[in-house]
Amino acid sequence: MMPGLLGETLAVLSALSFAMFNIVISGTKRSRGDNGVLFSVVVTIGFSFALFVVLEAGRLDLSASKDTAMAIQRAAAEVAVKHVSLELGGKNPMIICPDADLEKAGAAAVKGMNFAWQGQSCGSTSRLMLHEDVYDKVLPMVLDRIRKMKAGDPLDPTSSMGPMNSKMQYDKTMDYIEIAKKDGATLVAGGKRPSGPEFDKGFWVEPTVFTDVTMDMRIAKEEVFGPILSILKWRNIDEVIAMANDVDYGLTASIWTRDLDLTMRFVKEVEAGYIWVNGTGTHFRNVPHGGFKNSGTGREEGLDELLSYTEVKAVNIFTG
């Protein structure tokens, strides 16, 4: 809503699967922000509108897939020089070192995967990298927490996770489960629709965990955007940094260690735009969020984003 703070029109291109969002936000056709500035909201769907926005808008901010983002960049470049920022996907690592607080790290591995909303978050730490010395300690903790999760109505406070957003995303997730099996990963949890008549309709997938994952597998490199956690084993720091960076993405990363010198090495060498140390998932006010590589360009959630909707004008006045 940064344009609204500046009194601009906010054009929202929403996916077809977000029908309720369209209905709710389109009621805010003209609103008064906290700063008293009037701003307009236009909500629509469809490719033709996307092209219109690319042609007419001077500032583009897109959250989408890499392919969609590249198409928008190409279209924008054909019209004029435009400011385009992109918040795209991620295949994010959580690295647990031998000296970490293993109880907290194990809990964070489940939290960071965002199973509550079926892993449908670009910031999910979907690659859990466990040092070989603690692998057999952390894995049971993770599986125990996952197996206690309860799928159900998102409005039911006893539910731990809801359904997937669309049939397309459900089918994609199930396809990746089969791909992981064929590539040699070991399914140790989930991998199917939950049992029970209440799950006969809708796009439900149990929280899914694969072990014996290696970086030559698609499940280790490609974003699923579903409730699939891949667990990898590592032996030394050079190896795990190489594993963390061996993807086309670089959005988030979570590092678990008590060693400050090691922390600073990870922070320097891991290719990610938003890093947690001994934590995961939390976003902080005015801390810029964004990614490296094919995870996007520009930053959100901070002063950098606000200023990106403005342009600097230099005025020099001579008198006398």
Just by modelled atom types, is the [Y] backbone N or O under 3.5 Å from a matching donor or acceptor in the [X] side chain?
X    : Y    : result
E271 : F292 : no
K172 : G226 : no
S124 : S126 : no
R235 : E132 : no
N236 : E239 : yes
S254 : T280 : no
R127 : M243 : yes
E222 : R218 : no
Q169 : V224 : yes
Q118 : G162 : yes

Side chains of [X] and [Y]: closer than 4.5 Å at any heavy-atom pair?
X    : Y    : answer
K233 : T211 : no
T208 : L229 : no
V277 : F266 : no
V267 : I255 : no
M129 : I95  : yes
R258 : D101 : yes
I231 : V188 : no
L88  : C122 : no

side-chain hydrogen bond (donor to acceptor under 3.5 Å, both in side chains) against D259, all qualifying residues, sequence neighbours excluded: none

Could you list the residues that satisfy side-chain hydrogen bond (donor to acceptor under 3.5 Å, both in side chains) with D183, not counting sequence neighbours?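 For D183 there are no side-chain hydrogen bond (donor to acceptor under 3.5 Å, both in side chains) partners, ignoring immediate neighbours.
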
For the hydrophobic clusters of this structure (ILVMFWY residues joined by side-chain heavy atoms under 4.5 Å, transitively), does one cluster hold both [X] and [Y]?
X    : Y    : result
M94  : L130 : yes
Y249 : F225 : no
Y176 : V213 : yes
L262 : I275 : yes
W276 : I241 : no

Euclidean distance, [Y] [atom2] relative to [X] [atom1], rounded to 0.5 Å:
X    : Y    : atom1 : atom2 : result
L187 : I177 : CG    : CD1   : 7.0 Å
I96  : K137 : CD1   : NZ    : 12.5 Å
D212 : S230 : CG    : OG    : 11.5 Å
K111 : T125 : NZ    : OG1   : 10.0 Å
L128 : M113 : CG    : CE    : 11.0 Å
I228 : F115 : CD1   : CZ    : 9.0 Å

For a side chain to side chain contact (heavy atoms under 4.5 Å, CB included) with E87, tell me which candidate from E300, E301, R299 qualifies. E300

Name the atoms and distances for all side-chain donor-acceptor pairs under 3.5 Å in residues 148-155, with sequence neighbours left out.
unit_1	atom_1	unit_2	atom_2	d
K148	NZ	D144	OD2	3.3
K150	NZ	T158	OG1	3.0
D153	OD1	L155	N	2.8

Check the side chains of [Y] and [X] for a donor-acceptor pair under 3.5 angstrom, ignoring hydrogens and angles.
X    : Y   : answer
Y274 : N92 : no
T257 : D99 : yes
D67  : S65 : no

Please give me the minimum heavy-atom distance between [X] and [Y], naming the atom from each residue.
X    : Y    : value
P207 : M161 : CD-SD, 3.4 Å
T173 : M164 : OG1-CE, 3.4 Å
Q120 : N165 : OE1-N, 2.9 Å
L102 : C97  : CD2-O, 4.3 Å
W256 : A108 : CZ2-CB, 3.2 Å
V247 : A220 : CG1-O, 3.7 Å

Below 30° counts as parallel, above 60° as perpendicular, anything between as tilted: where do the rings of W234 and H131 land?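 If you compare the ring of W234 with that of H131, the planes turn out perpendicular.
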
Mind telling me whether W204 and F199 have parallel, tilted or perpendicular rings, with 30° and 60° as the class edges? perpendicular

Evaluate the criterion side chain to side chain contact (heavy atoms under 4.5 Å, CB included) for residue pair I179 and I219; output intermediate values, then yes/no. CA-CA 8 Å; I179 290 169; I219 198 69; over 6 Å; no

More than 12 heavy atoms from other groups under 6.0 Å of CD on E198: yes

For the pair K181 and F210, evaluate side chain to side chain contact (heavy atoms under 4.5 Å, CB included) and give the outcome as yes or no after the intermediate values. CA-CA 9 Å; K181 292 177 183 177; F210 282 99; 4.1 Å; yes

Salt bridge flag under 4.0 Å for residues K192 and E206: yes

Any carboxylate oxygen within less than 4.0 angstrom of a Lys/Arg side-chain nitrogen, looking at K91 and D246? no

The test is side chain to side chain contact (heavy atoms under 4.5 Å, CB included); show your working for E305 and D61 and say whether it passes. CA-CA 10 Å; E305 181 184 11; D61 185 354; 3.7 Å; yes

